[in-house]
Amino acid sequence: MKRILIIEDEKSLARFIQLELEHEQFYVKGAYEGNNGLQLALAEEWDLILLDIMLPGLNGVEVCRRIRAVKSTPVIMLTARDQLEDRVSGLDSGADDYLAKPFDIEELMARMRALFRRIELEDRENHSTLNFRGITIDLDARIVTRSGEVVELTKREFDLLAVLMKHPNMVQTRDMLLDLVWGYDSLVETNVVDVYVRYLRNKLDVPGEESMIQTVRGMGYVMR
């Protein structure tokens, strides 16, 4: 369950957001003043902070700066002011996104989902180990194991599997895979991707079980 901290001095708005997020199965806590909000932000671990700029005690820009000095917790700024300088100051203080009041709760939820997706993808890109359905890739050592057993792969097979595992449940077209694995200036045809997917299936699939690398007709491949 993701943990959300709301730092917002309009109590009715903060309560409304809290109820909506709790309905979506988030754990939510609220603060109505800048200093108290900063204390909560630093004292506990949060997946996201919704932070109003105009706060009593300590304004949101300063709260964000102090959070950023010690933590990388994602922050979405909320404010009634939609002037360019407010957006710039909020983002320059370390906020990840900016939403001007009044806003629809659906837009806030969409921005939160987009931010969580971006963070998840960045984490996968930066992580030296990938895991998916019993397959583990050590990107640094270039070792692949399935259920603890080492699977011998060629360089191209390894690179193709790594691209697919970095983006599970996201369809990769043959052209995309060709560019990422063989290089955009490669002279090989896209059907070479089909050949190497077949190689991977032969080495990774369990007889009688659905292949991890699924074909999306007319598009490409995806790991599900």
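Numbers here simply count residues along the sequence, with the first being 1. These values consider heavy atoms only, across backbone and side chains, with no hydrogens, waters or symmetry-generated copies.
Rounded to the nearest 0.5 angstrom, Q172 CD and K166 NZ are separated by 11.0 Å. Rounding to the nearest 0.5 Å places CG of D47 at 12.0 Å from OH of Y27. Atom CG of L21 sits about 5.5 Å away from atom CE of M109, to the nearest 0.5 Å. In this structure, L48 CG and F116 CZ are separated by 4.5 Å, a value rounded to the nearest 0.5 Å. Annotation: the span from Y221 atom OH to R174 atom CZ amounts to 4.0 Å, rounded to 0.5 Å. Atom-to-atom distance recorded for L204:CG and F132:CZ is 12.0 Å, nearest 0.5 angstrom.
Of the possible polar contacts, one joining the D96 side chain to the V75 backbone as a donor-acceptor pair under 3.5 Å is found. Proximity of a side-chain donor or acceptor of E33 to a complementary backbone N or O of N35 within less than 3.5 Å is detected. Between the side chain of T215 and the main chain of R217, no donor-acceptor pair closer than 3.5 Å is present. Side chain of R156 to main chain of V181: a donor-acceptor pair is present (N/O by atom type, distance under 3.5 Å, no hydrogens or angles). Looking only at distances, a side-chain donor or acceptor of N59 sits under 3.5 Å from a matching main-chain atom of V61. Panel note: side chain R111, backbone Y98; a donor-acceptor pair is recorded below 3.5 Å. Judged by distance alone, with hydrogens and angles left aside, the side-chain atoms of R133 form a donor-acceptor pair with the main-chain N or O of R224 at under 3.5 Å.
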* Would you check, one step at a time, whether the test side-chain contact (heavy atoms from CB on, under 4.5 Å) holds for L161 with M223? => CA-CA 9 Å; L161 180 62; M223 291 196 75; 4.0 Å; yes
* Evaluate the side-chain contact (heavy atoms from CB on, under 4.5 Å) criterion for residues I17 and V28: first the C-alpha distance (whole Å), next the side-chain angles of each, then the deciding distance (0.1 Å), finally the verdict. => CA-CA 9 Å; I17 296 173; V28 184; over 6 Å; no
* Check against side-chain contact (heavy atoms from CB on, under 4.5 Å), L50 and L108 -> CA-CA 10 Å; L50 301 177; L108 173 60; 4.0 Å; yes
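For the pair M112/L115, no side-chain contact is recorded, criterion being any heavy-atom separation below 4.5 Å from C-beta on. Counting heavy atoms from C-beta outward, D52 and T79 have side chains that approach closer than 4.5 Å. Counting heavy atoms from C-beta outward, F103 and L78 have side chains that approach closer than 4.5 Å.
The minimum heavy-atom distance linking A41 with I67 is given by the pair CB-CD1, 3.7 Å. Heavy atoms only, all atoms of each residue included: S128 and D140 are closest at CB-OD2, 3.2 Å. Nearest heavy-atom pair across M77 and C64 is CE-CB, 3.7 Å. Residues E157 and E152 share a closest heavy-atom pair of OE1-O, 4.3 Å. Residues P168 and M165 come closest through the heavy atom pair CD-O, 3.2 Å. When every heavy atom of D138 is checked against every heavy atom of F158, the shortest pair comes out as O-CZ, 3.8 Å.
The pair K155-D159 counts as a salt bridge, with a side-chain nitrogen and a carboxylate oxygen less than 4.0 angstrom apart. Using a 4.0 Å cut-off between charged nitrogen and carboxylate oxygen, D205 and R146 do not count as a salt-bridge pair. Remark: K71 engages E45 in a salt bridge, criterion side-chain N to carboxylate O under 4.0 Å.
Put simply, V206 and V150 are part of two different groups of oily side chains (I, L, V, M, F, W, Y) that touch within less than 4.5 Å, one to the next. Note: the hydrophobic cluster containing V163 does not contain M176 (ILVMFWY, side chain heavy atoms under 4.5 Å, direct or indirect links). Note on V195: it clusters hydrophobically with L153, by side-chain heavy-atom contacts below 4.5 Å among ILVMFWY residues. Linking Ile, Leu, Val, Met, Phe, Trp and Tyr residues whenever their side-chain heavy atoms come within less than 4.5 Å leaves L200 and I143 in two separate clusters. Residues F26 and L99 are members of one and the same hydrophobic cluster, defined by side-chain heavy-atom contacts under 4.5 angstrom among Ile, Leu, Val, Met, Phe, Trp and Tyr.
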Please list, one pair per line, the donor and acceptor atoms closer than 3.5 Å that link side chains of residues 4-13 to other protein atoms, with sequence neighbours excluded.
unit_1 : atom_1 : unit_2 : atom_2 : d
E8     : OE1    : K101   : NZ     : 2.9
E8     : OE2    : E10    : N      : 2.8
E8     : OE2    : K101   : NZ     : 3.2
E10    : OE2    : K101   : NZ     : 3.1

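Remark: E149 CD is loosely packed, at most 12 non-hydrogen atoms of other residues, nucleotides or ligands lying under 6.0 Å away.
Side-chain N/O atoms of T73 and R3 include no donor and acceptor closer than 3.5 Å.
Ring geometry for Y196 against W182 counts as perpendicular: the plane angle is over 60°, on a 0 to 90° scale with 30° as the lower cut.
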